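Just below is one structure, and these are the notes that go with it.
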There are 2 protein chains.
Amino acid sequence: MNGSKEITIYDIAEALDLSPATVSRGLKDHPAIKKDTKKRILEKAKEMGYQHNLFASNLRRNKTNTIGLIVPRLNSYFMSTVIAGIEKVANQAGYNLIISQSLESVKKEEINVRTLYNSRVDGLLVSLAYDTDDISHMEMFLDKNIPVIFFDRIFHHPQCTNIIIDNFKAGYDVTSHLIDQGCKRIAHITANMKRNVYADRMKGYKQALSDHQIPFDEKLVFINNLSDHAGIKVSKEILQMKPLPDAIFTANDACAVSCIRELKMAGIKVPDDIAVAGFNNDPLSKVIEPNLTTVNYPGQEMGEAAASILIRRLDKLEGTSLNTIVLRHELIVRESSLKKK
Amino acid sequence: MNGSKEITIYDIAEALDLSPATVSRGLKDHPAIKKDTKKRILEKAKEMGYQHNLFASNLRRNKTNTIGLIVPRLNSYFMSTVIAGIEKVANQAGYNLIISQSLESVKKEEINVRTLYNSRVDGLLVSLAYDTDDISHMEMFLDKNIPVIFFDRIFHHPQCTNIIIDNFKAGYDVTSHLIDQGCKRIAHITANMKRNVYADRMKGYKQALSDHQIPFDEKLVFINNLSDHAGIKVSKEILQMKPLPDAIFTANDACAVSCIRELKMAGIKVPDDIAVAGFNNDPLSKVIEPNLTTVNYPGQEMGEAAASILIRRLDKLEGTSLNTIVLRHELIVRESSLKKK
């Protein structure tokens, strides 16, 4: 913002021998200004390097036309598709997107919330960190009626809308499919139960077991951070179990892929000895051999929906009555779970 | 930004029976204010929902503490690691990050540049779209001495710093490795030659051929958008060639992985019949069988370097004399290219 003197509408007016009011209207595409005049004004503005003071004019209107986004991690395939969807909708509607990552820590999430608050974003899109217990750190937004929309990792609050898939149903679908393939000792690898996505998938897993008269066995549940590394570690633990599980359902694909590789290296046949299913439909799932059974999670669509709802709230086209939007998921059956061929 | 009345330092001063000057200093952690008083001021400010007007104070200082980012596509693994690196450094230095995607179109890139200009970002980080010919659309930034830093897909300009890897050397390394493995008919799949990353890798490919007395054959070069889909299409073309190439070097991993899958389905043995090498060290490269030979591209480090340089420029710790920063790449040899075992 340093450098040469700021060009104002007065400079443009002087250069064209027009009134400042005409220049101002011309720049705003006002119908009272002739097409030719508008063209001259716009060309001169460009030539002189006029910078519309969106910043100051937003300050006057008490609106910044920016949306704040807080996600756990930017460097995951799923999150990058969500962000691509958010950016697409925000950009089309004339909003800028300010992004930040909590790195799965509520402390960093709090700092990000505070920064975005002081930056006066018009609204907030959030997917929560692993260890966030409540949303008291977002109360400054809610107290001012600045909309907060949660997606993926959500929080129920009367002022907030949530965008999710039916994680219970998806967990139920995967587990039922494994049971249909003859599996009876199904391990479940998942992450922090504070987060709805993992808690709900687990509930679906338990319900499917129960509906098929298979007793739930706590020893078959493993909680970690679902990284590649965690997949290797947990696979080693699983390989020590006697008897071995006959299936593994992991709450993401990265960890499932890591498990398959580890099991194969230990001489275990997938799916014949142990069937494996993941979650997300990450590109990895179509490359691992055998190809991974997974749940399609519509990331781009989730991002577009979250941004659309937020912008509709800002435009007063939507109130706080909209509680939850559930997007469609889909079980994708591939070789990694097909014991019956 | 709607809702209840704005809380000012005057309200806090009244509530605590202090002078507004004391409150203002307390909020700024001024040494003249006692620790106890500071604590009371901060607690009251929090309780009353005081929102520091960073926005207005930035306007006065003519600084927004925001960095603008334009990338071709947000939903690629490589770009998501770059952005994670940028966000980390920007966040630590107290800058917000505004992101946008050009979707590989110079038209959209122009619109994004204009929007970020009007949002008065303090500086710009850019990786160019496929079809961008020059950076005249960024002249408004350069005319005002607002720093513009390019990374990955760069542009040489006296006012701009570029962050790259040595794409020529990397292309040379991959091709030489394939030649060392006995390959003589090496196909190269790449993208738009307007972009340095592809043009430089191609130059490295040609130089390695020349240094090993292998004539360059234009028919072995395929230019597309390096998507999965392009990989399938180009593999089908390659399978029609007589004689077949004995190696394929693709300028990204997604396309290489797609080629390997297609070749395997057609009964071609990788690497025995055709060796394959990619570029980026995407997680896919460690999952495809055989594992993919590739070039490690340090995305996180590139993002961190780009943000650091920009912030140093803004803090006047760095001038425009810094032309280019070259990060270290590394050839990673895996099974997909090892003909000699």
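Just so you know, these numbers come straight off a predicted model, no measurement behind them. We name chains A, B, ... by the order of the sequence lines, and we start the count at 1 in each one.
When each of B:K108, B:K46, B:R73 is scored by its heavy-atom pairs under 4.5 Å with chain A, the top score falls to B:K108.
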Using distance only, find each side-chain donor-acceptor pair of residues 280-293 of chain B under 3.5 Å and give its atom names and separation, not counting sequence neighbours.
unit_1, atom_1, unit_2, atom_2, d
B:N281, OD1, B:S285, OG, 3.3
B:N281, OD1, B:R334, NH2, 3.0
B:N281, ND2, B:N296, OD1, 3.0
B:D282, OD1, B:L284, N, 2.9
B:S285, OG, B:D282, O, 2.6
B:S285, OG, B:R334, NH1, 3.1
B:E289, OE2, A:K264, NZ, 2.3
B:N291, ND2, B:K286, O, 3.4
B:N291, ND2, B:I288, O, 2.8
B:T293, OG1, B:R334, N, 2.8
B:T293, OG1, B:R334, O, 2.9
B:T293, OG1, B:S337, OG, 2.6

Under 3.5 Å, which donor-acceptor pairs do the side chains of residues 77-93 of chain B form with other protein atoms, sequence neighbours left out?
unit_1, atom_1, unit_2, atom_2, d
B:S80, OG, B:Y77, O, 2.9
B:T81, OG1, B:F78, O, 2.6
B:E87, OE1, A:Q101, NE2, 3.1
B:E87, OE2, A:Q101, N, 3.1
B:E87, OE2, B:N91, ND2, 3.0
B:K88, NZ, B:E304, OE2, 3.4
B:N91, ND2, A:N112, OD1, 3.0

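Side-chain contact between A:L97 and B:I98 is absent, with no heavy atoms from C-beta onward closer than 4.5 Å.
For a residue to count as touching a neighbouring chain, one of its non-hydrogen atoms must lie under 4.5 Å from one of that chain's; by this rule B:L69 does not touch chain A.
In this structure, CG on B:L74 lies 9.5 Å from CD on A:Q300, to the nearest 0.5 angstrom. Atoms CG and OG1, from A:N96 and B:T66 in turn, are 8.5 Å apart once rounded to the nearest 0.5 Å.
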